[in-house]
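These notes are about the structure you will find just below.
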Amino acid sequence: MEIPKTYDPKQAEREHYQRWEAQGCFAPEANRNPDAHVFSIVIPPPNVTGSLHMGHALQHTLMDVMTRHKRMLGYRTLWLVGTDHAGISTQIVVERELKKEGLTRHDLGREKFVERVWQWKAQSGGRIVEQMRREGASVDWSRERFTMDEGLSRAVREFFVTLYEEGLIYRGERLINWCPKDQTALSDLEVDKETHAGKLYYLQYPVKTADGTERRLTVATTRPETMLGDTAVAVNPEDERYRELVGATIQLPLTTREIPIVADEFVDPAFGTGAVKVTPAHDQNDYEMGERHNLPQVVVIDHAARMTEAAGADFAGLDRYEARERVVQRFEELGLLEKVIDYEFAISRCERCRTVIEPLISLQWFCKQGELARRALDLVRERHEPHFVPEVPWEKVYTDWLENLHDWTLSRQLWWGHRIPAWYDEAGNAFVARSEEEARRAAGTDKLTQDPDVLDTWFSSALWPISTLGWPDNTQDLTTFYPTDVLVTGRDIISLWVSRMMMTGLKFVGEKPFRDVMIHGIVVDKNGQKMSKMKGNIVDPMDLFEKYGVDATRITLAAASAGTDIRWRDEQVESYRNFANKIWNAARFCLMNSEGATVGRGFEGDSDAWALHDRWILSRLNRTARDVDAAIANYQFHEAVYSLYHFFWDDFCDWYIELSKTDVAAAEASPARDAARSRLLTILEQALRLLHPFMPFITEELWQRLPGVGESLMHPAYQGAEPTIMLTKYPQANDELYDDEATAEMALVIELISRVRSIRSEINVKPGERIDLLVSASDSGAREIVDKAFRDEREQITRLTRAGNIRFVEPSDIPRASARAVLAGGAEVAVPLEGLIDFAQERERLGKEQTKLQTEAERLEKQLSNPQFTERAPAEKVAELRQRVADIAQRNSAIEKMMEALSA
RNA sequence: AGGCACGUACGUCAAUGGUAGACGGCUUCCCUUACAAGGAAGAGGUUGGGGGUUCGAGUCCCUCCGUGCCUACCA
């Protein structure tokens, strides 16, 4: 069979996904067992404008590992996929396209523009979906969803209308975050706070005193231009300095207005001057103070961040920053500018375009969150549901958020998105309804205009787990797959998304949308910096796929998923690329020696007929299967990878294959050779299955080449399907195959071989040169176990140590000119090397080991001589230490004798 | 300003309170017919500093130093 020496992932990646998809392997319907358990995951929908980044690659890998694992365990498995319409992002992308044609969305008009967005979606929106195919994601494409699908849009309207009817959604004038560039309202979550090195201006306001004496009150502000909209100055009611001024008025400079001085708890007497200018129309706190004191709202900044008429003739039409300069200049001219100091404070920026947010009073739709949050809060407090992984600190983050909710600004002044299902008659009365028909009936007129705004993109996201499964209809999918098993997502959207899905799921279906929430780390660059286009430190998963292969990238991500932040280095992928190549070459060896062998055979009958290493590898295989299952169940993917990597590389390749070679590569065909070859292939095949969820492509590629694979190996739930490794049964640990005896014997064989190799290396025996091995054991117990192990593996030991021959001798028969080493149990091995041994050097070598043993013995004995320890520590712990002390003593006395022999 | 994480080998990270490990890198030797993307053998650590709890601490507590992140209504 012709197999190249180096694994080339490209071809496997091209072929297999297509076949899996075409044959419907990903759909839950592939499972023919009507009683199968169900496993479901709903994907966090990537933006339709997006392309795959490392966060996706990580998240998708983890979800795919779980999905493939459960599928191979015979679960009816659904990984539901879809994309998000991503309101602002998508609108911006299409507007940019229009700009190239010299057009704006207003030139097209709303209807044409939205048509254009759909067109764009059809042509370019599929990119990320294609990239997911490249990743090997085993999602069910037959159930693919988009947040603007008719069904999901219906869910959105149902959601909105229901909450409106219950009084949880309302329309009102509020101070909201306004992006002057995107010309839309934003929720708090779409705003980034950023520290900003700015200035603090101390402005003096003349107070109108009863007796006409001049008095000035100084206020500090970072935004002097807003003073034009001041409608009060506030001081703390407890503040002695200002107590007498409360109730007095101020002649607001640069205007004709007189404003009151009010007392409000909010004011911190210790900060600034202890007096605060109040601008209810342009600041959140001031807005609230304004409500408390019934202050008028003077709007001096408009939606384009320009000063309004109300700002006065001198300022109207100026940009907010120009106005700031002019206000400061005028104060200076009037002698009312006390001072300006450097000051660092937080400013809000639009998450998308980085423009500084302008808080504006505006008529918007809002959603009250408190009542919706209550059930979610009860659930997490009383039952720790959903179960966060890791629980610390995410459960607390989630709980804190639910405890501190503000009303959610729902409306967005965009054209792309779910249009708010509210219609107005000519008098301005609002009719919220599931359709225009319904609204007309309610209004009793045809002359209605629909609200021009759309809903926040996250409104539909909040419904994602239920709407994708068919809600508001009570579909078969909803009953079968809801609640889902786990949500895999990043910490950044716990509040934005996780909490809202909880609220809607509980509200509308009465059950939480997912049992577990796995929060993974964020992939950052090797310096710990967030990846961003601006910094130019983006790693594109597609490049990694190209360079190292999909499987290597996936298993690297799975192995890295433990940390909080994942510092990305390509070198890590390189080592797993090497691992893939190792798998390839191990399989290559097995296939080159597969004549006469069949997968699944070789282990029938009495285990005494098998070699020691056969019993040992079977034991290791079963323990690995157990460890991997446990690790995946606990979301400890790095542990699963660790187990698999070491099982395959160390146990299977370095030892099992090497020990098998004498039998497997025997020149003459024989039933024994066939059986050995079958055992080798069987272990390989099981190992490939274990690896499959992490490395789907290479495992399928190799599995398909194994002799004897076919329908008979498929999981019973998938009988009748085209043979593929992804529908075989995931190996389950069989306790009966744990073999402690074989493990102990193999440990001895491995130790012996390693010791001899070590001697060869340290004494610089030429690699090709044959040596003699003398094994001896004075202790009868040691003698027995050594005998047993060596009876089985003598030939192998000879091969792997390049020994001429091996003899059992009495300790006294070992020639003085030998390099020696002691093994577990006190057995010893000697390599006679006449002429090569430097006695002093050899004593030093043994002395070094003796020191090591002594240090450990001392430590152990100290611990054991402490009565506190022997009394309080668990008995098995104490016994374990005693055993180790005994073993060290045996080795030590063996070394003593060797030293004596050397000095004789 | 508060809150929360993190600090372990040269680098990146693991380690239910019980012998501190892996991978990469480094040193020496080897193209031994599965694999040089490999094999064999090595070097490298008072787990950021200090204190405490415990028979026993990388792990729990306190404190200091350093680094990140989140939240926030100090103008």
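This is a predicted model, so every value here is computed, not measured. Throughout, a chain's letter reflects where its sequence line sits, starting with A, and its residues are numbered from 1.
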Touch class at under 4.0 angstrom, heavy-atom based, for A:Pro874 against every strand present: base

Dot-bracket pairing map - RNA chain B, Watson-Crick plus G-U, both contacts under 3.5 Å, | cross-strand: (((((((..((((....[..)))).(((((.......))))).....(((((..]....))))))))))))....

Ring-face cation contact, A:Phe869 with A:Lys877, 6.0 Å cut, 45° max: no

Sugar-phosphate only, base, or nothing, as touched by A:Trp649 at under 4.0 Å among non-hydrogen atoms: sugar-phosphate

Sugar-phosphate only, base, or nothing, as touched by A:Phe652 at under 4.0 Å among non-hydrogen atoms: nothing

Spacing of the C1' atoms in B:G7 and B:U63 (rounded, Å): 16 Å

A:Asp525 and A:Arg567 ion-paired at < 4.0 Å: no

Presence of A:Lys862 side-chain N/O under 4.0 Å of B:G56 phosphate oxygens OP1/OP2: no

Sugar-phosphate, base or nothing in reach of A:Arg760, heavy atoms under 4.0 Å: nothing

Sugar-phosphate, base or nothing in reach of A:Glu288, heavy atoms under 4.0 Å: nothing

Sugar-phosphate only, base, or nothing, as touched by A:Asp286 at under 4.0 Å among non-hydrogen atoms: nothing

Touch class at under 4.0 angstrom, heavy-atom based, for A:Arg577 against every strand present: base

Sugar-phosphate only, base, or nothing, as touched by A:Thr6 at under 4.0 Å among non-hydrogen atoms: base

Sugar-phosphate only, base, or nothing, as touched by A:Tyr645 at under 4.0 Å among non-hydrogen atoms: sugar-phosphate

Pair A:Glu751 + A:Arg755: basic N to acidic O under 4.0 Å: yes

Side-chain N,O (A:Asn578) to OP1/OP2 (B:G38) below 4.0 Å: yes

Nearest-Å distance once atom C1' is located in both B:C6 and B:G42: 33 Å

Phosphate-side-chain proximity, A:Arg567 and B:G11, N/O vs OP1/OP2 below 4.0 Å: no

A:Lys582 vs B:G39: side-chain N/O to OP1/OP2 distance below 4.0 Å: yes

Salt bridge flag under 4.0 Å for residues A:Arg760 and A:Glu769: no

Under 3.5 Å donor-acceptor pair, A:Glu658 side-chain atoms to B:A34 base atoms: yes

Sugar-phosphate, base or nothing in reach of A:Glu762, heavy atoms under 4.0 Å: sugar-phosphate

Touch class at under 4.0 angstrom, heavy-atom based, for A:Lys526 against every strand present: nothing

Sugar-phosphate only, base, or nothing, as touched by A:Tyr642 at under 4.0 Å among non-hydrogen atoms: sugar-phosphate

Short N-O contact, A:Glu849 and A:Arg820, less than 4.0 angstrom: no

Phosphate contact (B:C73 OP1 or OP2) by A:Lys193 side-chain N/O below 4.0 Å: yes

Carboxylate-amine/guanidinium contact A:Arg705 A:Glu701, below 4.0 Å: yes

Side chain A:Lys5 and base B:C35 donor-acceptor under 3.5 Å: no

Sugar-phosphate, base or nothing in reach of A:Asn866, heavy atoms under 4.0 Å: sugar-phosphate

Nearest-angstrom distance, C1' atom, B:G58 to B:G17: 11 Å

Pairing of A:Arg216 and A:Glu338 as salt bridge, 4.0 angstrom limit: no

Sugar-phosphate, base or nothing in reach of A:Phe345, heavy atoms under 4.0 Å: sugar-phosphate

Under 3.5 Å donor-acceptor pair, A:Arg757 side-chain atoms to B:A41 base atoms: no

